[in-house]
Amino acid sequence: MKKQKQKKEENEKKEKKTVQGILLDLDSIQTQEEKSAIRIFLKTQKGIESLIEKKFRPYCYIIYSGDKEKLKKALLEREFGEHKAKIKEIKEVKKENEEKVLQLFFDSTRDLSTARNEIPTIEGVKEKREYDIIFTKRFLIDHNLEPLNGLEIEYAEEEGKKIIESLKKKEEESIELNSVTLDIETYSTTKFSSPKTDPVLIAALSTPHKTILISTRKELKKEGVEVTGTEKEMIEEIVKEIKEKNYDVLITYNGDSFDLPYLKERAKVLGTRFAIGTDGSEPLLRSHGQYHAAKTKGIQHLDAYQVIRTLVKFGIISLVKYDLESVIEALYGEPKGKLTAREIVEIWDSGKNLDKLAEYNKSDAVATQKIALQYLPLYIEISKLTKETLYEAGRISASGMVEDLLIDKSFRENKLIPNRPKEELTKKRAAQTFKGGYVKSPEPGLHENIVVLDFRSLHPSIMISHNVSPETLDCPCCYKSKKNLSPSGHYFCEKKKGFLPSVQEELLNKRIKIKEEMKKLSKKDSRYSTYYARQYALKILLNSFYGYLGYPRSRWYSFESAQSVTAWSRHYVREIGSKAEKEGFKILYMDTDSNFLIIPEEKTKEDIEKFVKKINSELPGVMEIEIDGFYKRGIFVTKKEGTAAAKKRYALIDYEGNLKIVGFEYVRRDWAPIAKNTQKRVIELVLKEGKPEKAIETVKEAIKQLKEGKTPKKDLVIYTQIKKSFPHYEAIGPHVAAAKKAVKKGKDIGIGSIIGFIVTKTGTSISDKAELEEFVKEGNYDADYYIEHQVIPAVIKIIQELGYSKEDLIHGGKQATLGTFN
DNA sequence: TAATTCGCTAGACCGA
DNA sequence: TCGGTCTAGCGAA
């Protein structure tokens, strides 16, 4: 009887429980037996819970030749590295793309990474494979789970820990994440703050509902401000605030490089810990040269600065500068005040205007939150699609995304993943280049009644329609098949669906479906923004495949495939052009995937629509052209030198009066606003009102202002990025010269910094005269430079198209001055 | 940690 | 001091 009772108690102890939630984060941990296990952070109704999965083991594959049994024995007997790592089990497996494959299991990721270096040297091992797939990623792929989706877990408690028995995905259509935004202001004894010596002055923690400020200054005490006795207590208060509310996301602006490392170090100096991780850990700082990241466990750190950089890279947004003030201004048109480091120190030391500091701190946090929350839905979708945590998704590259999809798909199709190329091979690949898209020289001058047609997702649609993939390339079964024969001379299989295009097709179909769903919803529906983000994420992914094919570090690199895609693109865009000509339209310009046509008097909008319909019925597969828009007027110009027309620079105006300026100085950050804005006005006057005289006047006015020294500083700043370290520059341009001078004055400028400079009066060469904007006094500028090198070059080519010359801009002004003398 | 090619322009650099 | 060449950056697609 007694024994039975005991047994019953034991069983109760091991009683299985279930928990449901959202998979927020996961990491790999070491158990007491020195085995690797997966720890899952699950967002549940009660908060974030961590659970441990012990059954999943690290593994890699080898492809072998020769005697299998002999090899297995040798492998199992072998001890690797100093700590004598062993292969624990070997499974014989068959893959779709490889016959002789062994799967090698290890106790820990450490054992695997030790063993993988020696494994290829063992006789009979032809190749190692999938040895560098991150353990947590491997877990997600093998269990077909994705972060930020629903998960149901069955577990049992063991020594206070929740050990996972089983888990399964529970689709969650859309999720709500609770976020908090953190921003700090610091003291600085020298030009920049150092956590070793300079205290944190104030911190803002913002949620969509409210903002709280934490500081040590009693003067700040009021509603919404926590005042602590010491700085140490202040940091502890920040930690408490973040931990207490169980947030899912921590938002910062440049927290990767500043706020989080600073707080971590400062906490150490003060004898406390900045333990904001869900498991009580401090942020994990990663550093690779210029790249910094601060990872927090459980709670996902989303750095809005990284988000912005990525969005610019993907061409989703265009920005001149990446500092918070400029971004807010550019995205929302809201000017945001800025306090310099010196002003902050002044406020702190004098105790005057402390409210201003508090307000500034708060506004930074609120602005950061606004940016992050706008793009959070997009990143949630990227996270789900790529099976990366939100933290990783916020820092992912285009190649990383494509690779994630292909690796996952390989597993689903039981295929072995190709290895990453070695450095040597990468270099070899980089040395060979292939031809890109076709660009036709336009007809310079003013044109009327223009229609722009373009291919919808040209590269992806070529890949899908012609089955472009490394393994379908030049297949023996369809030698020079007509359907998939590229103008490059290479051809692609007609019988077997290619690996890459099959993934692309899935993405495309998903996107089409979502777009259909969106049509049924009102824009105010909460699902609308989720769907919008989802289709956008899919679009970004789809467009990244072609680049990945030609990317030297790609696992699925295929020079011939990339070459074939562009060969087709050139073929199709020209074909549209010649067909349009046959229909009586005139080709004005072409660039890669678009055709600019002039609609003759006798033709109508309907004729264009009919033409597009006809073309689409003739295009293969999913290829399709669409009407980008009808334009009332457009201007194309000649190049700076010679009489040839300039490509990639034009301006259009539609029938509603909307201006589209492409390629001109106006859209470039490395031109002064005075030149950009003057150019825009000229284009506007010419296209909108057809008034060249007024345009001339505008230019004259700008020149006059410059000459008189009246042009404000902000209209003179030229922005340029420092793209390499100073010693690596062979030619020292104005921006590098200005940056170097600023560094001497104590400014912190590194690779990736965008510097704003002004060409001043003092110096000989332009570089000599260039100074960082902040060191230049109002009125100190080289008027001649801004007239001759900025304003005139920006407008001269446009004005010349209208029959005017440089003399009309300059001498016109002089005549007026003479006139006043008479 | 890094998607591609095409194209324009500025300004330093260098040798005559 | 001039003109050609090369480096550098940014944008279009």
Would you say that A:Val327 contacts A:Ile317 through its side chain, given a criterion of any heavy-atom pair below 4.5 Å between the two side chains?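 SC-SC contact between A:Val327 and A:Ile317 ruled out.
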Looking at side-chain heavy atoms only, is the closest gap between A:Trp671 and A:Pro793 below 4.5 Å?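 Sidechains of A:Pro793 and A:Trp671: in contact.
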Where along residues 451-462 of chain A does a heavy atom fall under 4.0 Å from DNA chain B?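 The stretch gives none, as no residue of it lies under 4.0 Å from the strand.
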Looking at DNA chain B, which of residues 671-680 of chain A put a heavy atom within less than 4.0 Å of it?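 Residues of residues 671-680 of chain A under 4.0 Å from DNA chain B: A:Trp671.
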Does any pair with a residue in residues 747-762 of chain A pass salt bridge (Lys or Arg N to Asp or Glu O under 4.0 Å), and if so which ones, sequence neighbours excluded?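 Every pair satisfying salt bridge (Lys or Arg N to Asp or Glu O under 4.0 Å) with a residue in residues 747-762 of chain A: A:Lys747-A:Glu774.
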So which nucleotide from [options] ends up closest to the side chain of [X]?
{"X": "A:Phe434", "options": "B:dA12, C:dA13, B:dT5", "result": "B:dT5"}
{"X": "A:Arg668", "options": "C:dC10, C:dA13, B:dT5", "result": "C:dC10"}
{"X": "A:Arg553", "options": "C:dG9, B:dA10, B:dA2", "result": "B:dA2"}
{"X": "A:Val667", "options": "C:dG11, B:dC6, B:dT4", "result": "C:dG11"}
{"X": "A:Asp591", "options": "B:dA3, B:dA12, C:dA12", "result": "C:dA12"}
{"X": "A:Tyr551", "options": "B:dA10, B:dA2, B:dT5", "result": "B:dA2"}
{"X": "A:Gln721", "options": "B:dT4, C:dC10, C:dA12", "result": "C:dC10"}

Please give me every residue in residues 637-652 of chain A whose heavy atoms get under 4.0 Å of an atom in DNA chain C, ordered by residue number.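 Under 4.0 Å from DNA chain C: A:Lys648, A:Tyr650.
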Which whole-number value in Å describes the distance from [X] [atom1] to [N] [atom2]?
{"X": "A:Phe757", "N": "B:dA10", "atom1": "CZ", "atom2": "P", "answer": "13 Å"}
{"X": "A:Ile396", "N": "B:dA2", "atom1": "CD1", "atom2": "C1'", "answer": "13 Å"}
{"X": "A:Leu319", "N": "C:dC10", "atom1": "CG", "atom2": "C1'", "answer": "14 Å"}
{"X": "A:Tyr548", "N": "B:dT5", "atom1": "OH", "atom2": "P", "answer": "16 Å"}
{"X": "A:Met590", "N": "C:dA12", "atom1": "CE", "atom2": "P", "answer": "20 Å"}
{"X": "A:Met463", "N": "B:dA3", "atom1": "CE", "atom2": "P", "answer": "16 Å"}
{"X": "A:Tyr666", "N": "B:dT9", "atom1": "OH", "atom2": "P", "answer": "19 Å"}
{"X": "A:Ile661", "N": "C:dA12", "atom1": "CD1", "atom2": "P", "answer": "11 Å"}

Determine the contact category for [X]: base if any of its heavy atoms lies under 4.0 Å from a base atom, sugar-phosphate if only primed atoms, P, OP1 or OP2 are that close, otherwise nothing.
{"X": "A:Ser399", "result": "sugar-phosphate"}
{"X": "A:Gly436", "result": "sugar-phosphate"}
{"X": "A:Ser767", "result": "sugar-phosphate"}
{"X": "A:Phe545", "result": "nothing"}
{"X": "A:Arg395", "result": "nothing"}
{"X": "A:Tyr291", "result": "sugar-phosphate"}

Does A:Ile751 CD1 have over 12 foreign heavy atoms under 6.0 Å away?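 Check passes, neighbour count above 12.
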So, using side chain to side chain donor-acceptor pair (under 3.5 Å) as the criterion, who are the partners of A:Ser28 when residues are at least two apart?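 A:Ser28: no side chain to side chain donor-acceptor pair (under 3.5 Å) contacts found.
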Are the side chain of [X] and the backbone N or O of [Y] linked by a donor-acceptor pair below 3.5 Å?
{"X": "A:Asp303", "Y": "A:Asp256", "result": "yes"}
{"X": "A:Thr386", "Y": "A:Met401", "result": "no"}
{"X": "A:Glu471", "Y": "A:Phe499", "result": "yes"}
{"X": "A:Tyr786", "Y": "A:Val759", "result": "yes"}

Under 3.5 Å, is there a donor-acceptor pair linking the side chains of A:Thr764 and A:Asp768?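 Side chains of A:Thr764 and A:Asp768: pair found under 3.5 Å.
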Is the phosphate of B:dG11, meaning OP1 or OP2, less than 4.0 Å from a side-chain N or O of A:Ser765?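 False: A:Ser765 side-chain N/O out of range (4.0 Å or more) of B:dG11 OP1/OP2.
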Under 4.0 angstrom between A:Tyr785 side-chain N/O and B:dG11 OP1 or OP2: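 Checking B:dG11 against A:Tyr785, a side-chain N or O does come within under 4.0 Å of OP1 or OP2.
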My understanding is that only one of A:Lys137, A:Arg138, A:Arg420, A:Arg116 makes a salt bridge (Lys or Arg N to Asp or Glu O under 4.0 Å) with A:Asp132; could you say which?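 The passing option is A:Arg420.
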What interatomic distance, in whole Å, is found between P of C:dA13 and the corresponding atom of B:dA2?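 So the two P atoms sit 27 Å from each other.
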Measure up the A:His789 and A:Tyr785 rings against each other and bin them: parallel (under 30°), tilted (30 to 60°), perpendicular (over 60°).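 Plane angle under 30°, so parallel.
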Students often mix this up, so state it plainly: with edges at 30° and 60°, are the rings of A:Tyr572 and A:His466 parallel, tilted or perpendicular?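 Parallel.
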Between A:Asp591 and A:Lys648, does at least one N-O distance fall below 4.0 Å, as a salt bridge requires?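 Counted as a salt bridge, because a side-chain N and a carboxylate O are separated by less than 4.0 Å.
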Between the protein and nucleotides 1-7 of chain C, which nitrogen or oxygen pairs are less than 3.5 angstrom apart?
none

For the ring-ring contact (aromatic ring centres under 6.0 Å, His included) test, which of A:Tyr438, A:Tyr631, A:Phe596 pairs with A:Tyr589?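 Of A:Tyr438, A:Tyr631, A:Phe596, ring-ring contact (aromatic ring centres under 6.0 Å, His included) with A:Tyr589 is met by A:Phe596 alone.
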Quick one: does NZ or CZ of A:Lys724 land under 6.0 Å from the six-membered ring centre of A:Tyr729, within 45 degrees of the ring axis?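 Yes, A:Lys724 sits over the ring of A:Tyr729.
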